[in-house]
Amino acid sequence: MSHEIRAPMNAILGLTYLLKRHSPTPEQDECLDKIANASRHLLSIINDILDFSKIEAGKFLLEKAAFPASAVLDHTRSLLEEVAAAKGLVFEVSYNNTPVWLVGDQTRLRQALLNYAGNSIKFTEHGKIILNARLVEDYGDEVLIRFGVTDTGIGIAPEKIPELFQAFKQVDSSTTRKYGGTVLGLAITQRLANLMGETVGVESVLGEGGTFWFTARLGKGSPAGAVKVDNAELALKSQHSGAYVLLVEDDLINQEVARTLLVDAGLRVDIAGDGKRAVEKVSATNYDLVLMDIQMPVMDGIEATRLIRQMPNKSTLPILALTANIFEEYRQRCAEAGMNDFVAKPVEPMALFATILKWLPESAGVALNILTPVYKAEVNSDQNQTDLYARLIDIEGVDVNKGLTCVNGKIEKYWGLLKDFVTLHRDDIGKLNSLIASHVVGEPLRIAHTLNGSADNLGLTQIQSAAAKLEVDLGEGHADVLMLAREIEASLKTLEKRVAEIAKDDEGVSVEANFELAMQTLLELEPLLKVDDFKASQNFRENRPLMRASTDKMLMANLEGAMNNYNFPSALSIISEIKPRLNESIRVLKE
């Protein structure tokens, strides 16, 4: 359901967004707003069902971070008071004796309160809605808080109350017809409250309204422990521009995704492809922070962290785990190795920035005067970009909007990474099957893990879903994985075919030979290749039509093969053969 419904919903939302950027008439703009609102409503239903499924499967993880109580109550009011006002309802907030700062998952608290408040507005025709919170118990380091929503709505008969929190069940089917809804909100709120160690309840009189409440056991917080996620990138740019970060990641796609985000936030980035190289780099260089992948060849992130912590003067170096596995037992292993915090994969930009901001030393980087926000996750409005977006979003099993989030909305960057993904991973299943047939232990799991992570970052939902299952099965020692492997291989071939079709259309433009410009391109490419800079691939892709028109076909085919396989030493060798021929062509042209 997630893929088959989310994919077209994201396409509708994305294309609606693009249409609104092209100066529609007032009538068209109104229609587009209605399409967007209806799409977001449908997407919220899908998200509710997925949240419910995750909770039921025991795969739902709560965050623990400091936040002000107002981030739950006032934010909920800000989201709903306009809707309430449109019905003539008064909207109030009462804090009572609730502590100002708390520690917990503010997003899920807000979700639970929104479920209650949304229902109250739906079922209340006149009167008022009150959001309230109060301290029930103080346990020292923890507190028990009761959150509630009181309304003057239709109320509920006492005999119906026990049925309220059952999933997909409406206590009165007539209300479904009149008010709509999936009847999941209350069930999710109950389960969220259970996850937070407490429970839910209702006090209601038929025809007079009532109060829906839930309790949550939370920590006591302070402003020092809080980071405002929405402004995290701006804060990094303004407070820590130039701070030096080591990114430890073996997958080239994930490297480039993370590097793009970090550089856009004003940070300097160095890269290590495995834990052993990371240990060497940390011993020789003073970094301000390390982002450490966990599963890597040669040496994993946990072992690398242990070795770094044994070095003189490295006990306080912030090391953040980059991992798709964020269950508590895994967090514990990372913490025991000496890691400070976790950034979940696929990387969500604002969460990444907030976590880095939390751990960067105050002295890292320099302060700048930045007047406007820097993060803009949007599609370029140029017609070529729009056309490319429309073609990419039509690829089955690809959530382009999710992938764009990981590259700050840069469609050309995303397109380049998509082509790189096909090149890097087209032979993965063949290698994996060969390793399994040879009874090699460990490496098949790493291949599945890397494929899973790369696909997740780029929004390749079909491949990612199957690769995640394959990773689990291999990790649990299941021998029969051929069906999953065939499914992934088929998806990879389909993706490769679609990418090739789009690339062929892109390169169909005729480009005239220009020997001097081709030489300049090679001179710019060489230093990037010598230091294994990923930008070399981007540079080559952008200039490939020119190079094809200006270079010997055989040598160009060899160069493309080397670049596509990231064999940079071989590419340098081929360039050394191309340059003399270009020089000769330039000489003949001038004569």
Side-chain angles (χ1 to χ4, degrees), residues 34 37-38 40-41 44-45 48 68-98 100 106-136 144-193 198-216:
K34 289 178 180 177
N37 289 335
R40 280 192 285 268
H41 174 66
S44 72
I45 293 172
D48 278 350
S70 61
V72 174
L73 294 171
D74 285 352
H75 188 74
T76 301
R77 175 173 60 181
S78 72
L79 292 173
L80 296 177
E81 63 181 344
E82 187 175 333
V83 180
K87 294 185 70 173
L89 303 175
V90 176
F91 212 102
E92 298 178 1
V93 172
S94 174
Y95 285 94
N96 297 301
N97 57 345
T98 304
V100 175
Q106 61 172 308
T107 300
R108 297 308 176 183
L109 286 169
R110 197 158 53 228
Q111 179 183 2
L113 204 57
L114 277 167
N115 286 337
Y116 279 168
N119 276 346
S120 286
I121 292 173
K122 186 188 299 184
F123 296 115
T124 303
E125 297 301 329
H126 57 80
K128 62 183 177 181
I129 310 291
I130 303 173
L131 303 181
N132 55 77
R134 65 179 173 86
L135 176 66
V136 178
L144 181 65
I145 305 295
R146 173 174 144 150
F147 295 91
V149 179
T150 301
D151 63 54
T152 55
I154 62 176
I156 301 162
E159 66 273 14
K160 298 292 186 180
I161 289 177
E163 303 175 31
L164 278 173
F165 294 93
Q166 295 182 36
F168 302 103
K169 183 169 184 180
Q170 179 67 266
V171 297
D172 181 353
S173 60
S174 65
T175 61
T176 302
R177 290 191 295 273
K178 181 176 180 181
Y179 298 102
T182 59
V183 207
L184 267 180
L186 296 181
I188 290 172
T189 295
Q190 181 192 47
R191 284 154 178 79
L192 287 174
E198 293 301 328
T199 188
V200 298
V202 184
E203 300 156 6
S204 183
V205 177
L206 188 63
E208 297 181 14
T211 297
F212 281 75
W213 56 266
F214 68 90
T215 50

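Starting from 1, each residue takes its place in the sequence as its number. Keep in mind it's a predicted model, so treat the numbers as computed, not measured.
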Closest heavy-atom contact between V149 and S120? CG1-OG, 3.3 Å
Any side-chain heavy-atom pair from I145 and R134 closer than 4.5 angstrom? no
Counting C-beta onward and ignoring hydrogens, is there a side-chain heavy-atom pair between F91 and I121 closer than 4.5 Å? yes
For N96 and A133, work out which heavy atoms get closest and say how close. ND2-O, 3.0 Å
For T150, side-chain contact (heavy atoms from CB on, under 4.5 Å) partners two or more places apart: I130, N132, T211
Test item: F123 and D151 side chains (from C-beta on) under 4.5 Å apart, heavy atoms: no
Looking at residues at least two apart in the chain, or sitting in another chain, which of them share a salt bridge (charged side-chain N to carboxylate O under 4.0 Å, His left out) with R146? E203
Using side-chain heavy atoms (C-beta onward) and a distance below 4.5 Å, is T199 in contact with F214? no
Side chains of Q106 and V72: does their closest heavy-atom pair fall under 4.5 Å? yes
Qualifying residues under side-chain contact (heavy atoms from CB on, under 4.5 Å), relative to K34, sequence neighbours excluded: E30
Is it the case that the side chain of T152 and the backbone of G209 share a donor-acceptor pair, with hydrogens and angles ignored and the cut-off at 3.5 Å? no
Over all heavy atoms of both residues, which pair between L113 and G148 is shortest? Give the atoms and the distance, please. CD1-O, 4.1 Å
Evaluation steps, side chain to side chain contact (heavy atoms under 4.5 Å, CB included), between F212 and N119: CA-CA 10 Å; F212 281 75; N119 276 346; 6.0 Å; no
Rounded to the nearest 0.5 Å, how far apart are CG of L131 and OH of Y116? 13.0 Å
K122 and K87 have their tightest heavy-atom pair at O-NZ, 3.5 Å
